[in-house]
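Proteins get letters first, then strands, A, B, ... in listed order; numbering begins at 1 in each.
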There are 2 protein chains.
Amino acid sequence: MNKKMLIGLCYGNGYGFQSGAWRMPGVDPKSYGDFDVVVKHAQAAERGKFHFVFLPDAFGRLADVENEPPAETLDVMLTLGAIARETSHIGLLATASTTFNEPYNVARQFKALDVMSHGRAGWNAVTSSSNDAAANYGVNIPSSEDRYGRAHEAVQLVQALWGSWGCDAWVHDQASGVFAKQGQIRPINLQGKYVGSRGPLYIPPSEQGQPIIVHAGGSHNAHELAGRFASVVIGAVFTIEDARAQREAFRAAAKCYGRDPDEIKFFAGIMTTITKDRRTALDRRIQLTENHFSQRIAYLQQMLGIPLYENPLDEPLTKEQLANARPSPYDPRSANALKIAKEGWSLRDIIAHGVIDYHPVIVGPGVEAADHMQEWFEAGACDGFWILPDVFHDGIDAFVDEVVPILQERGLFHKDYEGKTLRENLGVPDQYGIDPRLKK
Amino acid sequence: MNKKMLIGLCYGNGYGFQSGAWRMPGVDPKSYGDFDVVVKHAQAAERGKFHFVFLPDAFGRLADVENEPPAETLDVMLTLGAIARETSHIGLLATASTTFNEPYNVARQFKALDVMSHGRAGWNAVTSSSNDAAANYGVNIPSSEDRYGRAHEAVQLVQALWGSWGCDAWVHDQASGVFAKQGQIRPINLQGKYVGSRGPLYIPPSEQGQPIIVHAGGSHNAHELAGRFASVVIGAVFTIEDARAQREAFRAAAKCYGRDPDEIKFFAGIMTTITKDRRTALDRRIQLTENHFSQRIAYLQQMLGIPLYENPLDEPLTKEQLANARPSPYDPRSANALKIAKEGWSLRDIIAHGVIDYHPVIVGPGVEAADHMQEWFEAGACDGFWILPDVFHDGIDAFVDEVVPILQERGLFHKDYEGKTLRENLGVPDQYGIDPRLKK
Ligand SMILES: Cc1cc2nc3c(=O)[nH]c(=O)nc-3n(C[C@H](O)[C@H](O)[C@H](O)COP(=O)(O)O)c2cc1C
Ligand SMILES: Cc1cc2nc3c(=O)[nH]c(=O)nc-3n(C[C@H](O)[C@H](O)[C@H](O)COP(=O)(O)O)c2cc1C
């Protein structure tokens with residue numbers, strides 16, 4: 001097998017994806033909003049030949065700001081702008097809602113970033129689904145039909161604007177005085193039900209032509225949108241079976257739109273705590289998540305279908321509890337939780353394994369992450385992984401130093417960037433303007 | 001007189017404000033969209049202790065792209081983000097239309113830039129008035145009443161969002177585990193006729209608290225909006241009398257809103273071609289503007305009320321023509337055009353003096369710029385100047401090396417930055433959230 005896996009870094013507030021990251025030794029508590037810190041972390045990922053940095057955008061949801069930082073960067077475009085200037089190869093993916101942004105504004109910011117970064121930008125075109133997000137705009141969240149209807153129009157319109165400055169229009173010939181061929185810079189004149197624009201956009205092609213489209217979502221509507229437009233899908237999946245099914249659904253949708261399914265790269269998330277051994281890693285997770293312990297025990301009870309509130313934290317579940325436990329069919333993480341419990345870990349350690357987190361969790365030495373990734377990749381569960389480190393300060397370096405070399409040795413991950421642009425590095429086909437296969 | 005003038009650089013496409021700038025010797029014809037070039041130019045302005053870089057935004061109007069570059073940068077926020085990372089003191093003003101941007105999106109991008117730049121950001125809050133701009137959003141331009149109605153709500157809402165993360169909320173105390181005081185981060189719950197938002201914004205105060213408000217416009221509505229909110233007004237004025245009247249109108253409006261008129265700094269524009277002597281400067285302007293000569297002669301005829309289409313370019317106007325000439329009352333540039341004509345310059349040189357351009361034009365040695373600026377400043381025509389150099393490549397340096405030292409020697413311009421933040425350097429009072437004087 002010659003195909004290699006792809007790896008991206010999910011990035012956020014400057015601390016990491018565990019709630020206690022901001023309090024860890026060595027972490028500057030003022031990292032939130034410190035762009036020097038951001039750049040340092042992106043450079044660490046580039047050292048590890050990561051394909052991209054991916055920035056979610058949750059409109060600053062402040063879940064528990066008394067104890068935890070907001071999850072995201074101050075602004076996705078400014079963050080990627082800073083990274084673009086101080087890195088050379090790593091891709092730059094930002095989330096911008098199709099629900100709450102004007103296509104013309106998205107088109108120009110992302111194409112500007114693409115030119116600025118010499119062809120490394122991607123737009124995570126999501127629909128926003130929460131009333132919390134909508135409240136920032138003084139409105140209620142639209143229906144799914146309206147959100148996805150607008151999303152389809154918005155992506156098309158943005159891509160049309162990207163292509164409106166013709167590929168060869170910019171001649172900048174000082175001798176003759178021809179700056180650009182006016183006839184090759186054309187208005188798009190698109191007017192949909194939700195959005196419209198005349199254009200043209202005033203930005204020449206980047207070194208990769210235009211940004212790639214990314215999508216994050218799991219519903220049928222998400223399959224359709226991504227199948228039509230996306231080169232990268234950021235998935236949320238807990239098991240190989242679930243991942244394969246999701247990946248297949250996206251690939252099938254791509255096929256329906258006349259695309260080669262391999263044009264969509266499906267990414268599974270993993271949350272990482274990489275240390276020299278399992279015990280050290282568990283202790284680190286315990287330190288990182290102490291705020292959430294009681295809440296997670298309550299979850300675990302539901303996942304296993306047994307009462308746990310009287311269990312001592314330092315002891316394994318009793319034989320009787322393990323015999324009575326039944327993985328909940330409503331939570332895809334339950335089988336893994338029961339497997340860990342049966343290995344005899346204490347209640348505290350079961351939780352510390354990350355059996356209740358947003359993605360599969362690796363808690364241990366680098367080889368365990370490499371094994372997990374190899375298994376998923378070879379099972380066709382995904383084309384790559386987006387990594388959510390526990391603490392950025394040392395967690396990116398731990399992945400780069402302890403996991404990446406193993407994957408490279410096993411021939412599973414590239415040793416260097418294939419090219420300069422994101423399309424080259426991901427193996428995504430060229431596209432400029434709207435995909436001609438979709439013009440029907 | 002101890003008061004010093006303020007100076008900002010108007011910046012755009014990477015070439016300069018004369019149409020032929022991109023063809024000048026030494027200018028890289030690919031400067032459009034080259035962020036290395038942008039940063040170099042901003043650093044030149046910072047060397048000259050300029051108070052700010054100001055970026056207009058004309059939604060990529062492509063007037064004559066066959067012969068001339070678009071006027072503006074690819075994206076104002078990414079451009080200022082790059083400059084923020086590679087300068088330390090110069091202020092960063094970007095234009096963002098209140099008509100075509102959601103307040104929440106403006107609020108977070110500008111406050112993020114303010115944090116990123118350590119307190120150097122300003123928002124030029126304009127209303128868009130052209131159908132060309134509106135067409136990019138698939139709509140028609142709203143009425144002036146609706147545009148300014150929305151602008152008033154938008155600025156208030158953005159400032160309320162800026163202040164929604166309380167000044168002292170962010171404690172980031174690793175020992176106690178308190179990240180921020182939740183009770184000091186409060187929703188704003190503002191709903192107007194045009195825009196609304198619940199908030200809060202998730203961004204802590206910058207080193208200057210929050211960005212300053214800038215406005216550019218000259219109508220009665222503009223006076224009102226700026227009088228209420230702005231610290232800086234970017235003016236468009238041709239004569240001292242006009243500038244004084246404009247400045248007074250803004251100051252009077254500020255007073256009506258209970259503010260000290262000195263809180264508004266009014267800026268007059270000047271377009272510069274600075275060389276060792278007048279002749280060299282005229283030749284440079286001729287080289288820069290050859291595309292526009294015939295069109296400008298047509299204008300000049302109207303301004304002077306005499307036919308000029310048969311005049312040889314190399315000769316002065318005839319005695320008879322000068323005797324018959326009457327400055328047009330409809331064009332404030334006419335008196336100056338007649339004055340130059342009477343000095344005996346050839347028709348080509350009259351035009352080359354920039355008698356038909358968007359602002360007063362300095363064509364000559366640095367001392368002429370300094371004299372102009374001193375005269376206007378001491379006449380109370382303005383608090384400072386925004387400089388539009390003919391060619392950025394060497395025109396910023398020419399101003400910094402030939403004009404700035406004279407102004408400094410005369411005690412008219414600061415020798416170094418007063419502080420680190422834009423508020424400190426401009427002498428603009430502190431403000432966080434909505435101005436309490438306007439809450440009534
Ligand atoms: C892995 C993943 C990441 C996501 N990231 C974002 C994000 O950063 N910002 C956002 O507004 N929505 C994000 N979403 C939300 C989705 O776009 C969508 O709103 C949500 O999945 C509901 O989708 P549905 O309407 O298709 O059911 C993400 C979804 C997934 C699965
Ligand atoms: C000096 C100056 C600079 C301006 N810069 C911009 C700009 O960069 N972008 C923009 O959309 N409008 C800009 N404007 C336009 C004004 O905001 C406004 O739309 C125009 O002056 C019409 O205003 P009115 O509706 O008050 O008459 C500028 C105006 C002036 C006077």
Side-chain angles (χ1 to χ4, degrees), chain A residues 22-23 27 29-30 32-33 35 59-62 64-70 72-75 77-79 81-82 85-86 100-102 104-105 108-109 111-113 115-116 135-139 172-174 177-182 185 190-191 195-204 291, chain B residues 22-23 27 29-30 32-33 35 59-62 64-70 72-75 77-78 81-82 85-86 100-102 104-105 108-109 111-113 115-116 135-139 170 172-174 177-182 185 190-191 195-204 291:
Chain A
W22 72 277
R23 297 177 67 186
V27 173
K30 297 199 290 277
Y32 182 52
F35 286 76
F59 303 97
R61 203 167 52 88
L62 301 170
D64 175 19
V65 76
E66 190 84 19
N67 302 299
E68 294 173 23
E72 269 86 36
T73 47
L74 302 194
D75 176 69
M77 297 313 281
L78 288 170
T79 299
R85 294 283 303 162
E86 297 174 60
F100 297 118
N101 284 289
E102 285 290 343
Y104 185 78
N105 293 341
R108 57 181 180 164
Q109 281 216 321
K111 200 168 177 200
L113 179 67
V115 170
M116 180 185 197
N136 290 314
Y137 300 90
V139 297
H172 49 72
D173 180 14
Q174 287 174 319
V178 177
F179 185 75
K181 295 190 185 146
Q182 187 123 36
I185 301 175
L190 284 177
Q191 187 66 50
V195 286
S197 185
R198 184 202 62 190
L201 198 63
Y202 53 94
I203 307 182
N291 277 332
Chain B
W22 71 278
R23 297 177 68 187
V27 173
K30 297 198 291 276
Y32 182 52
F35 286 76
F59 303 97
R61 203 169 51 90
L62 301 171
D64 176 19
V65 76
E66 190 83 20
N67 303 297
E68 293 173 23
E72 269 86 36
T73 47
L74 303 193
D75 177 70
M77 297 313 282
L78 287 170
R85 293 282 304 160
E86 298 174 59
F100 297 117
N101 284 289
E102 285 289 344
Y104 185 79
N105 294 340
R108 57 181 180 164
Q109 282 215 323
K111 199 168 178 199
L113 179 67
V115 169
M116 180 185 196
N136 289 313
Y137 300 90
V139 298
W170 193 27
H172 49 71
D173 181 13
Q174 287 174 318
V178 177
F179 185 75
K181 295 191 185 145
Q182 187 122 36
I185 300 175
L190 284 177
Q191 188 67 49
V195 286
S197 186
R198 184 203 62 191
L201 199 62
Y202 53 92
I203 306 182
N291 278 332

Residue [X] versus chain B: region with a heavy atom under 4.5 Å:
X: Phe59(A); value: both
X: Lys111(A); value: neither
X: Val195(A); value: neither
X: Thr73(A); value: backbone
X: Glu102(A); value: side chain
X: Asp64(A); value: both

Over all heavy atoms of both residues, which pair between [X] and [Y] is shortest? Give the atoms and the distance, please.
X: Ala82(B); Y: Arg85(A); answer: CB-CD, 4.1 Å
X: Asn136(A); Y: Ser197(B); answer: O-OG, 2.6 Å
X: Gln191(A); Y: Gly138(B); answer: OE1-O, 3.4 Å
X: Phe35(A); Y: Met116(B); answer: CE1-CB, 3.4 Å
X: Gly81(B); Y: Leu78(A); answer: CA-CD2, 3.9 Å
X: Gly33(A); Y: Val115(B); answer: O-CG1, 3.6 Å

Determine whether a donor-acceptor pair (N or O, by modelled atom type, separation under 3.5 Å) exists between the side chain of Tyr202(A) and the backbone of Leu74(B).
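Pair found, side chain donor or acceptor close to backbone of Leu74(B).
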
Exam field: side chain Asn105(B) to backbone Phe100(A), donor-acceptor pair closer than 3.5 Å
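Yes, Asn105(B) side chain to Phe100(A) backbone: donor-acceptor pair under 3.5 Å.
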
With chain B as the partner, which of Pro29(A), Pro200(A), Gly199(A) has the greatest number of non-hydrogen pairs under 4.5 Å?
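The candidate making the most pairs under 4.5 Å is Pro29(A).
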
Taking every non-hydrogen pair under 4.5 Å, which of Gln182(A), Gln174(A), Arg198(A) racks up the most with chain B?
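Max contact count across the listed options: Gln174(A).
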
Straight-line distance of [X] [atom1] to [Y] [atom2], nearest 0.5 Å:
X: Ile203(A); Y: Glu72(B); atom1: CD1; atom2: CD; value: 11.5 Å
X: Met77(A); Y: Met77(B); atom1: CE; atom2: CE; value: 11.0 Å
X: Asp75(A); Y: Gln109(B); atom1: CG; atom2: CD; value: 4.0 Å

Looking at chain A, which one of Pro70(B), Ala112(B), Gly177(B), Gly196(B) has the largest number of heavy-atom pairs inside 4.5 Å, strictly under?
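Greatest number of close heavy-atom pairs with chain A: Gly177(B).
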
Region of Glu68(B) in contact with chain A, defined by heavy-atom distances below 4.5 Å:
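For Glu68(B), the contact with chain A is made by the backbone alone.
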
Pick one of side chain, backbone, both or neither for Ile185(B), based on which atoms fall under 4.5 Å of a heavy atom in chain A.
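Just its side chain gets close to chain A.
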
Any non-hydrogen side-chain atom of Lys30(A) less than 4.5 Å from a side-chain atom of Trp170(B)?
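A side-chain contact under 4.5 Å exists here.
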
Look at the rings of Tyr104(B) and Tyr137(A) and say which category their plane angle falls in: under 30° parallel, 30 to 60° tilted, over 60° perpendicular.
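Ring orientation of Tyr104(B) relative to Tyr137(A): perpendicular.
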
